[in-house]
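The structure appears right after this line, and notes come after that.
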Amino acid sequence: MVRYNPKEVEPRWRAAWDEAEVFRAETGSPKPKYYVLEMFPYPSGSLHVGHARNYAMGDVVARFKRARGFNVLHPMGWDAFGLPAENAAAERGVDPAAWTWDNIARMREELKRLGLSIDWTRELATCDPAYYGHQQAWFLELLERGLVYRKEGLVNWDPVDMTVLANEQVIDGRGWRSGAVVERRKLTQWFLRITDYAEELLQGLAGLDRWPDKVRLMQENWIGKSQGLRLTFRFAGDGPAEGLCVYTTRPDTLYGASFLAVAPDHPLADSLAAADPAVAAFVAQVRKGGTSEAEIESAEKLGWDTGLRVLHPFDKTREIPVWIANFVLMDYGTGAIFGCPAHDQRDLDFARKYDLRVTPVVLPSGEDPILFHVKHEAYVGPGRIYNSEFLDGLEIEEAKAAAVARAEADGIGEGATVYRLRDWGVARQRGWGCPIPVIHCQTCGVVPTPPEQLPVRLPEGLDFSKPGNPLARHPTWKHAVCPACGGQAERETDTLDTFVDSSWYFARFPDPAAAMPIDAAAADYWLPVDQYIGGVEHAVLHLLYARFVTRALADEGMLTVREPFAGLFTQGMVTHETYRRQSGEWVEPGVVDIRSEGATRRAVITATGEPVQIGEAEKMSKSKRNVVAPADIADVYGVDAARLFVLSDSPPERDVQWTSTGVEGAWRLINRIWAEFDEGVTGAAGEIDDSATRELRRATHKAIKAVTESIEGFRFNSAVARLYEFVAAVRNARAAAVSPAARREALGVLARLVAPFAPHLAEECWRTLGESGLIALASWPQWEQALVEDDERLLPVQINGKRRGEVRAPAGASSEEVEKLVFGNAEIVQRLEGLTVRKVIVVTDRIVNVVAG
RNA sequence: GCCGCCGUAGCUCAGUGGUAGAGCGCAUCCUUGGUAAGGCUGAGGUCCGGAGUUCAAUCCUCCGCGGCGGCACCA
């Protein structure tokens, strides 16, 4: 018996793979291509088992597809710009570039240790000028095409860090890092015109049939398409001559309008505020309102009656008051609405507060028009229109169409489509990001950096010790010569949102050394990504940005695909129990000893015996100190055990709870597998047992089929479960005198089925079996159909729906044959005594139900 | 508030319109020359609750309850 020693075995095979360059992808190979990609990591400096799970999943797919004859591209890179490096710089005075590159070096070694079948020759990092220079190049092309623009907009401003924050960096109204209350500030910002593609991004979702429905739904909601009417009201008496334009999705309820309301930052409100300090005071008051969930939730509706009146578009005898209201959003629709309190809860709340008219115009079926009233709950259900002149009697949808048609005929409005999606604000006042490559000139305005001056590199020696943008503070960096007039000018000091970096990296991997941002031929060969894998937290932002940028670059002629990711899989997190001392201090799992006493588990600190509280399994985080690093596991059980475990316990899309007992289970499986190979192919002595041989062969071919289908269906946990069963079958067959050929077949299949999950073990087994080549290059086994079909079935027999016995029948037996067997079965006949058989239902190869009374 | 997901053994979770499962834990026993262990056997279930459809519901439909996630004054 040779013990399986992963510490010796695993590095040896990794060296063999490197030596043979087996994972190198060849652009243009005649084999069918398969591009598998996991979302690239931020180089935080240390890998945890959550990363391991993500990359192990991609690796299973990559190795499986390679074995199935595909030319596989499985690259790796680094999402390397971002705040942690700046934080490290601010806190410890280190250079963010040096810090980042150190982390990359460390994480690269940890990733390599996982035995991932990655083509490392294509590695890239977004903080590398060789990468971001190309990003600047295409950014300028988009600028030229008008897809990049500057505008003044409201942004989340962190007054302590002195920077703009992305929405997701604002937590409960406070900066995620500084904890300062975030202000809404008007600032000139760079935007990418993603809204130009809103319709296409929405339509494209329908074709993404290998994406999770959940993600498609989230994107659909995010884009938020709505159809309605843009309608201009004329002022009665005072007011701007052009009138006031509102957007509504409920033109059918126009006769229920009792007020108009504009956003506090609407131009009309601005001009009124300029003339009247009281209005200005009101606007200032509502703008101060916080952005936290709780504040928005409980925010009271506040309004200011401007005194202006508009005429009802279909009834010039009616005048409607115009208010300024805090719940109207400037950046949606036209920033102005008409309020129909009877059929909109927000409008109703507002109307009740300010005592405005509430006229129902949609009558639910079965209600009496005289008696129907709306009190504190708006009616938003179906019904017929009434109190509405020419719309009376119509269904809601008919009335919408009629109202739009009338507005269009009268020349006061038109049908309109509006999206919730906003343009993408990409400027950040940060020093560790991709510089926006433009120059501001007093005389020429915004001038693009000439292509030959790209990349615009970040300077060295930035000062991160103070809040604010270090690029703006740098003594010399921003001084530039205007490329247009040659005069003195200044560089843009904002850098790009790191989501820009990650919105095209998958298109760079096909040729990461190309002189152009994207090599057309290589990208054409490899794209789209056949299988993309990552966390569901990127369901909207990253995945939507990447879909947008792909289209923008395609329209630039740089890409031929418009949809970057043909298949998407969103994997769950790895969680871990948390441990806490009496004092409340979190304790890492490594120093805790778990003891089972009967059914209860207790935890103590190993060194001192001090008891600790066992808490819920939570997402691994430094603050809860429940992070497990793959390296810790590899030192004891090897990385194969860690890979097996993170894939085995739970379906890939769900969270998995890391436990030491679980990884021990995986380790035992590895040893059981190894023991079979160590045993060799010689079966028990004596006459060959044909029946046992046949059973082993059946088990072998069933295992091939089950594991193959499980991997294809992304059910890695059931694939591993099938491996458990198959190993048991191989082991049990050892007791009988099975033919050496059948055992050899079983072991050869076992090694290849294990290979995607535990590749080092599989190589060792493969060599032990006497194979000379690498299993990483071996082809996937095929199953024989005849061996996976049972020729006999065990059919449960129910009497009135309860299981009362079973019969053995040939596969595919007819109802008549099965009935004969059922009524020839003594146990069943006895059960039926005294009952009249009314009906017999035979489901071929499944079950029999006898209905009797 | 809107949308989605989940609820099955002590724990973590598979699964299926037709015999309720796995890993871990627990109990019993065996082995102590596969020993940084290994193996046998076993106990343990109102499949969240209620109604409906069906010959048959843990599964499908509807109504609840509980947990989680996304969006959130989007007119």
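Side-chain atoms are counted along with the backbone in the values below, which use heavy atoms only and exclude waters and symmetry mates.
- For A:N717, counting side-chain heavy atoms from C-beta on, the closest listed nucleotide (B:A75, B:A14, B:C71) is B:A14.
- Side-chain N/O atoms of A:R672 include one lying less than 4.0 angstrom from OP1 or OP2 on B:G39.
- Using a cut-off of 4.0 Å between Lys/Arg side-chain N and Asp/Glu carboxylate O, A:K225 and A:E199 are scored as salt-bridged.
- Nucleotide B:G69 is matched to B:C3 when pairs are restricted to Watson-Crick or G-U wobble geometry with both distances under 3.5 angstrom.
- Using bins of under 30°, 30° to 60° and over 60° for the plane-to-plane angle, the ring pair A:F499/A:H538 lands in the perpendicular bin.
- Two residues, A:M218 and A:F338, neighbour RNA chain B, and the one matched to the more 5' nucleotide by heavy-atom proximity is A:M218.
- To the nearest angstrom, C1' of B:G34 lies 17 Å from OH of A:Y4.
- Distances shown here put a side-chain N or O of A:Y332 below 4.0 Å from the OP1 or OP2 atom of B:A75.
- Rounded to whole Å, the distance from CD on A:E537 to P on B:C5 is 20 Å.
- The separation between A:K225 atom NZ and B:C71 atom C1' is 20 Å, rounded to whole Å.
- Remark: P of B:C24 and OH of A:Y637 are 13 Å apart, rounded to the nearest angstrom.
- For A:N849, whose side chain is taken as the heavy atoms from C-beta onward, the closest listed nucleotide among B:C3, B:A56, B:C71 is B:A56.
- Residue-to-nucleotide proximity on RNA chain B shows that, of A:K214 and A:S226, the 5′-proximal contact is made by A:K214.
- Counting to the nearest Å, the P atom of B:A14 and the OH atom of A:Y724 are 16 Å from each other.
- Between A:R668 and B:G39 there is no side-chain N or O to OP1 or OP2 distance below 4.0 Å.
- A salt bridge does not link A:D344 with A:R250: none of the charged nitrogens is closer than 4.0 Å to a carboxylate oxygen.
- Pairing partner, B:U32: none, since no Watson-Crick or wobble contact has both distances short of 3.5 Å.
- A gap of 35 Å separates the P atoms of B:G21 and B:U35, to the nearest Å.
- In this structure, of B:C73, B:G18, B:C71, it is B:G18 that holds the atom nearest to the side chain of A:I841.
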